[in-house]
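Source: prediction; values computed, not measured.
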Amino acid sequence: MALEIGGAPVIETGRLVLRLPQAGDFERYAELFGDESARHIGGPLSRGDAWRRFLQMPGAWMLQGFGMFSVVEKASGRWVGQAGPWQPDGWPGTEVGYAFHPDARGRGYATEACEAAIDWAFDTLGWTEVIHCIAPANTASQQVAVRLGSTRLGKAALPPPLDTHEADLWGQSREAWRARRAESSR
């Protein structure tokens, strides 16, 4: 279910709320990006660098009308990660990305949040495909992509200064997504 609060979408799934980032999300965001496990997504970062990165998503929402959602666990109200549409300048496609706090991993939250975000990107933004740029060593993220129905499409060409990082491009078309969703609802 998507509700509009102040013109911004709020999406609820069975266990999660996807909403715009808020200042109160930053502490757990800084923990996520300060952790060694963030090495595949540009970390670990100092607190100051994490703050500057945190500000990217509200800026994307303001300027592009979309960005990754903050993902909040309904039962606790705790920020558990971010997921959603993302397309910086020079990006290789229309991405639905995801990153989750270490204590929230292994619970299926990434898949649940991304399913809702992909539906929203196709239905609201009119995207015709989604991609995921994933470091070859990030097997956990690859497993999420597979659960979402994405396949490896080849090497990703990231824009500078990220062009020195190796990434694989995973993705699927809107038609493939909708066919898979229809099949799974039978």
Side-chain angles (χ1 to χ4, degrees), residues 1-5 8-33 35 37-38 40-43 50 53-54 56-58 60-61 64-88 91 93-127 129-135 138-151 169-172 174 176-178 180-181 184-185:
M1 167 199 279
L3 305 171
E4 298 282 327
I5 296 179
V10 175
I11 301 170
E12 292 192 23
T13 69
R15 301 178 295 164
L16 305 170
V17 175
L18 284 68
R19 58 154 173 78
L20 268 68
Q22 298 175 0
D25 301 338
F26 177 66
E27 288 304 320
R28 290 196 34 96
Y29 182 95
E31 290 173 8
L32 162 62
F33 278 94
D35 190 82
S37 66
H40 297 303
I41 54 173
R53 174 155 312 162
F54 179 75
Q56 288 178 335
M57 288 309 149
W61 276 102
Q64 294 177 294
F66 63 88
M68 287 194 213
F69 295 93
S70 277
V71 180
V72 177
E73 189 179 57
K74 278 185 186 178
S76 67
R78 184 174 61 136
W79 185 94
V80 293
Q82 64 179 15
W86 173 238
Q87 191 179 22
W91 213 243
T94 49
E95 179 164 21
V96 168
Y98 41 93
F100 283 78
H101 193 282
D103 68 13
R105 295 180 190 149
R107 298 179 186 196
Y109 287 165
T111 303
E112 185 175 334
C114 286
E115 285 175 345
I118 290 171
D119 281 339
W120 188 81
F122 286 147
D123 297 343
T124 304
L125 301 177
W127 287 4
E129 67 178 4
V130 294
I131 63 162
H132 320 286
C133 296
I134 303 173
N138 192 348
T139 56
S141 189
Q142 293 166 15
Q143 291 169 354
V144 171
V146 167
R147 282 192 297 275
L148 293 170
S150 292
T151 58
L169 194 63
W170 292 71
Q172 64 186 295
R174 177 172 55 203
W177 174 256
R178 289 185 174 158
R180 186 177 154 281
R181 297 284 273 176
S184 68
S185 67

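Taking all atoms of both residues into account, the shortest heavy-atom contact from Ala104 to Tyr109 is O-CD1, 3.7 Å. Considering all non-hydrogen atoms of both residues, Ala50 and Ala30 come closest at CB-CA, 4.1 Å. In plain terms, the two heavy atoms of Thr13 and Lys74 that are nearest each other are O-NZ, 2.6 Å. Minimum heavy-atom separation, Gln22 to Phe54: O-CZ, 3.3 Å. The two residues Met57 and Pro21 have their closest heavy-atom pair at CB-CG, 3.9 Å. Closest approach of Ser37 to Pro102, counting heavy atoms only: OG-CG, 3.9 Å.
Annotation: side chain of Pro85 is not in contact with side chain of Gln64 (no heavy-atom distance under 4.5 Å). No side-chain heavy atom of Thr124 sits less than 4.5 Å from a side-chain heavy atom of Pro9. Here the side chains of Gln172 and Val130 are in contact, with some heavy-atom distance below 4.5 Å. Within the 4.5 Å cutoff, side-chain heavy atoms of Arg19 are placed close to those of Asp25. A heavy-atom distance below 4.5 Å is not found between the side chains of Ser141 and Trp170. Side-chain contact between Trp91 and Cys133: present, with at least one pair of heavy atoms (C-beta onward) separated by less than 4.5 Å. Here the side chains of His132 and Glu95 are in contact, with some heavy-atom distance below 4.5 Å. Considering only heavy atoms from C-beta on, Trp79 comes within 4.5 Å of Leu32 through its side chain.
Between the CD atom in Gln143 and the CG atom in Asn138 there is a gap of 9.5 Å [rounded to 0.5 Å]. Taking OG of Ser70 as the start and CG of Leu18 as the end, the distance is 9.0 Å to the nearest 0.5 Å. In this structure, CZ on Phe122 lies 8.0 Å from CD on Glu129, to the nearest 0.5 angstrom. Within the model, atoms CD1 of Ile41 and CZ of Arg53 stand 7.0 Å from one another, a figure rounded to the nearest 0.5 Å. Of the inter-residue distances, the one linking Gln142 atom CD with His40 atom NE2 reads 9.0 Å to the nearest 0.5 angstrom. How far CG of Leu169 is from OG1 of Thr151: 9.5 Å, rounded to the nearest 0.5 Å.
No close placement of the Trp86 and Tyr98 rings is indicated, their centers lying 6.0 Å or farther apart.
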**Request:** Dump the intermediate steps for side-chain contact (heavy atoms from CB on, under 4.5 Å) on Arg15 and Val71, then the final yes or no.
**Result:** CA-CA 10 Å; Arg15 301 178 295 164; Val71 180; over 6 Å; no
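No donor-acceptor distance shorter than 3.5 angstrom exists from the side chain of Arg28 to the backbone of Val80, with no hydrogens or angles considered.
The residues Glu112 and Arg107 are annotated as not salt-bridged, no charged nitrogen and carboxylate oxygen being separated by less than 4.0 angstrom.
Of the listed residues (Glu73, Glu31, Glu27), just one forms a salt bridge (charged side-chain N to carboxylate O under 4.0 Å, His left out) with Arg78, and that residue is Glu73. Residue Trp127 forms a ring pair (Phe, Tyr, Trp, His ring centres under 6.0 Å) with just one option from Trp177, Phe66, Trp120, and that option is Phe66.
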